[in-house]
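Taking it in order: structure first as structure tokens, then the write-up.
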Amino acid sequence: NCLTTENMKQTVFALAIIFALAACSKQEKYASADEMVENALKEVKLITADELHELMNGEEVYTLIDVRQPEEHYPGFIPGSINIPRGSLEFNIADSVFWENVGLYMPLREEKIVVYDQKGKRGILAAQTLRKLGYLNVLALKEGWKRWELTYPDIYEKSLEKLGGGNHEAPKPGGGC
């Protein structure tokens, strides 16, 4: 009787380990980046250009992050946004030294964060990443900078001097998300 109980315990323990390993090793695989973005939209909320404009004119505390590369950001960006390229977002979002260096306070995990990119897809993935890092109120700008630029063509800032001088032109339209 003891032997049977001991065997049962070992079997249950072995099955628990197998299930735990199977669950931990399950990583979603995607056929394309577009499929990855579609999956991210299951948990990411979008904000329209009009809703962002309203937020900017309101009293609510929020952080606006442009996840494009600096050469995309400086020729034209939404006022009040901070440029944190997608590739360094995970490392800078909770780095107090980074925020101190840019002269802004580090957003709290429960505060509203809006992210945007050129056309919307990188912004969606960035918002998903922030959610996975524990940020609770993250939105991605629907259709990104391009939608903002079309909706509010006169509401933007630029810092061409950050690209090495004021005589640079904006990058030619092309790749990117």
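Computed over heavy atoms, backbone and side chain alike; hydrogens, waters and symmetry mates excluded. Everything quoted here is computed from the prediction, not taken from an experiment.
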Determine whether Phe77 and Tyr116 make a side-chain contact, defined as any pair of heavy atoms from C-beta on separated by less than 4.5 Å. yes

What's the verdict on side-chain contact (heavy atoms from CB on, under 4.5 Å) for Ile78 and Trp145, showing C-alpha distance, side-chain angles and the deciding distance? CA-CA 8 Å; Ile78 300 172; Trp145 164 254; 3.9 Å; yes

Nearest 0.5 Å, please: how far is CD in Glu71 from CG in Asn83? 9.0 Å

Determine whether Asp66 and Ile84 make a side-chain contact, defined as any pair of heavy atoms from C-beta on separated by less than 4.5 Å. no

I need the full list of side chain to side chain donor-acceptor pair (under 3.5 Å) pairs touching residues 94-109, with sequence neighbours left out, sorted by first then second residue. Tyr105-Glu111

Looking at Leu133 and Glu90, what are the two nearest heavy atoms and their distance? CD1-CA, 4.0 Å

Starting from the C-alpha separation in whole Å, work towards a yes-or-no answer on side-chain contact (heavy atoms from CB on, under 4.5 Å) for Asp117 and Ile124. CA-CA 9 Å; Asp117 66 327; Ile124 291 166; over 6 Å; no

Run the side-chain donor-acceptor check on residues 152-160: report pairs under 3.5 Å with partners two or more places apart or on a different chain.
from: Tyr152; atom 1: OH; to: Asp50; atom 2: OD1; distance (Å): 2.6

Side-chain touch Leu55/Leu139, heavy atoms, less than 4.5 angstrom: no

Nearest-0.5 Å distance that lies between atom CD in Glu110 and atom CG in Asn137: 9.5 Å

Between Ile65 and Ile113, is there a side-chain heavy-atom distance shorter than 4.5 Å? yes

Distance check, rounded to the nearest 0.5 Å: Leu104 atom CG versus Thr63 atom OG1? 8.0 Å

Point-to-point distance, once rounded to the nearest 0.5 Å, from CD of Glu35 to OH of Tyr30: 7.5 Å

Check whether Tyr135 and Val114 end up in the same hydrophobic cluster, where Ile, Leu, Val, Met, Phe, Trp and Tyr are linked by side-chain heavy atoms less than 4.5 Å apart. no

Check whether the side chains of Arg86 and Thr129 place a donor and an acceptor atom closer than 3.5 Å, and report yes or no. yes

Under-4.0 Å salt bridge between Lys121 and Glu38: no

Under a 4.5 Å side-chain heavy-atom rule over Ile, Leu, Val, Met, Phe, Trp and Tyr, are Val115 and Leu52 clustered together? no

Check the pair Glu54 / Asn57 against side-chain contact (heavy atoms from CB on, under 4.5 Å), numbers first and verdict last. CA-CA 5 Å; Glu54 189 177 309; Asn57 290 316; over 6 Å; no

Are the side chains of Val67 and Pro85 in touch, meaning some heavy atoms are under 4.5 Å apart? no

Which pair of heavy atoms, one from Ile93 and one from Met106, lies closest together, and at what distance? O-CG, 3.5 Å

Basic-acidic side-chain contact under 4.0 Å: Glu143, Lys119: no

Minimum heavy-atom separation for Ala140 to Val44, with atom names? CB-CG1, 4.0 Å

Are side-chain heavy atoms of Val37 and Asn39 found at a separation under 4.5 Å? no

Heavy atoms only: give me the nearest Val138-Leu130 pair and the separation to one decimal. CG2-CB, 3.9 Å

Apply side-chain contact (heavy atoms from CB on, under 4.5 Å) to Leu125 and Met36, showing your working. CA-CA 8 Å; Leu125 294 176; Met36 183 183 288; 3.9 Å; yes

Measure the spacing between NZ of Lys146 and OG1 of Thr151 and express it to the nearest 0.5 Å. 12.0 Å

Sidechain-backbone polar pair: Ser88 side chain, Phe91 backbone, donor-acceptor under 3.5 Å: no

So, for Met56 and Pro79, which heavy atoms are closest and what is the spacing to 0.1 Å? CE-O, 3.6 Å

For Arg122 and Glu72, the nearest pair of non-hydrogen atoms, with its separation, is NH2-OE2, 2.9 Å

